[in-house]
Amino acid sequence: MHGRLKVKTSAEKQAEKEKEREKKKLVYQGCMKKIRQLYLSGDRSPELLKLTSGIIENIPEFGTLWNWRRIVLLDMFQKDTDTESEPKKGELILAEKRLVVRCLEVNPKAYALWMHRRWLVEQDPTVEALTEELELCNLFLKYDERNFHCWDYRRFIVKLGGTSRTSELDKSTSLIERNFSNYSAWHYRSTLLDIQDKEVVDRELEWTQNAYFTDPADQSVWLYYQWLLGRRKKSESLLAVKQDKDNSQVIVLISTTSYSPPIIQVEPSVELTWKSNAVPSQVWYADCGTTGPIQSLTYGESSITLDKDLVASSSSLSPCVEFTAPLSIAHDQLANIRELYEIEPDNKWVILTLVNMLNTLHKHKTREQISELRNLTVKLCQVDPMRTGYYRDMWSKLLCETAVNDWWTGGEPSLPMYLS
Amino acid sequence: MSGFHKDVIIKDDAPNRLFFSKHLQFLLSYAKNQNSYEYVMSEWLRASGVYWCLTALKLLKNDDLKEGQLYDFVMSCYSKEKGGFGASEYHDPHILYTLSAVQILAMIDRLEDLDVDNIVSFITGLQQDDGSFYGDEWGEVDTRFTFCAFATLALLGRLYDCNVNMGVQFILECRNFDGAFGCVPGSESHAGQVFCCVGALSIANRLHLLDIDQLAWWLCERQLPSGGLNGRPEKLPDVCYSWWVLASLKIIGRAHWLDKASLIKFILAAQDDETGGFADRPGDMVDPFHTLFGLAGLSLLGDTCLEKVNPVLCLPQPLVDNLGLKLEIVCQRD
């Protein structure tokens, strides 16, 4: 259904093709009829394996036939343990694996094929078998390094103990060094690293910098870089609290979504049962009953003291920003990006990264900084006009966040805010 | 390879207007000629094939297909013993074809004839402890199946028969470094999976769990210079992504982050002016799958010749309204 070129043919060739297809169709219908007759009457013989393989090699996505093959095989495995009959389970599995590979050579993206292979491995997950599966993955990734079925299968084998995390990290390194455009390898890398470890991040930043200086047009490395700088785990903290005037209920807003009730210390001390209407949630409430006014709450590293109106917010509540990296990293990296911008002034990835960095580093912005950002945003619309809608909203959001931040921190706003 | 990106070039003589009646012809002849090579050989996914044809015809405001025949076909796919539907008669039930079957029955207004409890227990029986759903008893897991489960249950008015919280938790486990979603935890982000996850979160009323701006940016980056959309970085554009990407953006209120005119141009160029129907990209062979998603994409982009389509369930919007289904959509500016 994908990637089939329409080729114009003569009427004669068309008629020939029709005859060919009619023949194929009749063979298919005949074969399917036999398969159904046998299977639905309870037959579980090797004849079914033979008949279904004819169909399955042409239509590998035919899920039901793979199911029926598994049923037949399970029946044959059972017979193998009961008697001295041929063929043995091991041989059957080998033959089936060979069939799967034959089908994969034709259609490496059929879900049913990878699933059947998985089932075969699960029947007999020896160390040798897992090594063989890794080799299979290496082969199919060589054919197509973006085949996500193969990548998912590789992750399945690794989980079964096929190899180590270090070895897989090395694998992703070698794939990326061969081709920076291998988004699948960059993605895999992101799942193998501990992004909370500063040493790991520093090392990755250096390596990524080499990649984007070498090939600044490649989007994969920029997305990975953005992630390195930004997507840290938010610390668990209280953002806001409110208690009803009659003291009957208290509501909290926490910084991260939680699947289970947060553990919150209350002053004066009382055990509260926290509930949420939809899990996971950032909003939790508790019935206070006869507690009286609450003075303060502590959650994680943060504490909030309620005012006389029984309401309060954390001073760390701030507008959402694109990057949450420690400032020291961002300053170093800014110098690199500015340098690259001199060399590649029309590269949308460089400009966008520069905008995001400047926006994060300068929560309060001087007129000059706003002017620079405006010019960069205009440049983005020129070099990447398709995403003008995004850049307009990005600019609007930047202005809003800047204005709100100025107001929040009690600073002198560089921009007037019109709320009408 | 610096600066080189995979894309197609749209020829100057490529189709640039909608061949409404040709598509009608293509779809009706496909659906009615049950002895054709294509019909016979697509047995393994026929329930979905019929859903694609029927929905596309509904978007073309056509009611020619006989509802009685459609009902008989769908019910031939039903396994009373298991409670699910297969792709065709005698085929093993699977969650994918169960959704297609229920979508067809919704369009022909025969949901009331179902043994709803039986179908619901087929689906809830597939949910695992980690919130994920198997496709069938053989244990394949994929966020596509979460969408199928939520959508089918929602159409039957029984969403909360499954563990929605855990289902949502599993979806979030599939979120990647780029903010988009894959098949299972650890899988690479893919626009098809994004649609399934966003659609499921919409049904569950949990869109607020997304970082919408981050995800929408990844989605709008799917648009290539030709105007077409791809499914992930460095891949060719494909008309079906006019659905997976565009519908996702519609649901999260950011469809205006795409360049509308060039996307329309790409979709129209993928039509076949001889046979009718849409292909995955200009010059390729057409099929009902791409025809549905090409038409649905054009409908979302505002083509007034076509029926309005619901971006979560890919069903005619009037039907979704009649069923009283409230699916969460973030308002967008235009």
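Quick caveat: nothing in here was measured; it's all calculated off a predicted structure. Lettering follows sequence order; numbering is per chain, from 1.
Contact annotation for A/Ile59: only side-chain heavy atoms (C-beta onward) come within less than 4.5 Å of a heavy atom of chain B. For chain B, the nearby part of A/Tyr259 is the side chain; its heavy atoms alone come within less than 4.5 Å. Contacts between B/Val164 and chain A at a heavy-atom distance below 4.5 Å are absent for every atom of the residue. Proximity to chain A (any heavy atom under 4.5 Å) is restricted, for B/Leu224, to the backbone atoms N, CA, C and O. Interface residue A/Arg21: backbone and side-chain heavy atoms are both found under 4.5 Å from chain B. Contacts of A/Arg4 with chain B are made by both backbone and side-chain atoms, with heavy-atom separations under 4.5 Å. Residue contact with chain B, scored on non-hydrogen atoms closer than 4.5 Å, involves the side chain of A/Trp119 exclusively. Interface residue A/Asn67: backbone and side-chain heavy atoms are both found under 4.5 Å from chain B. Contact of A/Leu65 with chain B is not made at all, since no heavy-atom distance falls under 4.5 Å. A/Thr257 touches chain B through its side chain: at least one heavy atom from C-beta onward sits under 4.5 Å away, while N, CA, C and O do not.
Checked by atom type and distance alone, the side chain of A/Arg387 pairs as donor or acceptor with a backbone atom of B/Gln223 at under 3.5 Å. Formation of a donor-acceptor pair under 3.5 Å by the A/His187 side chain with backbone atoms of B/Gly186 is found in this model. Looking at A/Lys24, its side chain never comes within 3.5 Å of a backbone N or O of B/Tyr37 through a donor-acceptor pair.
For residues 26-35 of chain A, heavy-atom neighbours of chain B at less than 4.5 Å comprise A/Tyr28, A/Gln29, A/Met32, sorted by residue number. Listed in order of number, the residues of residues 167-175 of chain B that approach chain A to under 4.5 Å between heavy atoms are B/Val168, B/Gln169, B/Leu172.
Counting only N and O atoms by type, the side chains of A/Tyr111 and B/Asp142 include no donor and acceptor under 3.5 Å apart.
Ion pair A/Lys348/B/Glu221 flagged as a salt bridge, since at least one NZ, NE, NH1 or NH2 atom sits closer than 4.0 Å to an Asp/Glu carboxylate oxygen. At a threshold of 4.0 Å, the pair A/Arg146-B/Glu188 counts as salt-bridged, since one of the basic side-chain nitrogens sits closer than that to a carboxylate oxygen.
Side-chain contact between A/Phe62 and B/Glu43: present, with at least one pair of heavy atoms (C-beta onward) separated by less than 4.5 Å. Contact of the A/Met115 side chain with the B/Trp138 side chain is registered, since non-hydrogen atoms from C-beta on lie closer than 4.5 Å.
For the options B/Arg232, B/His208, B/His94, heavy-atom pairs under 4.5 Å to chain A are most numerous at B/Arg232.
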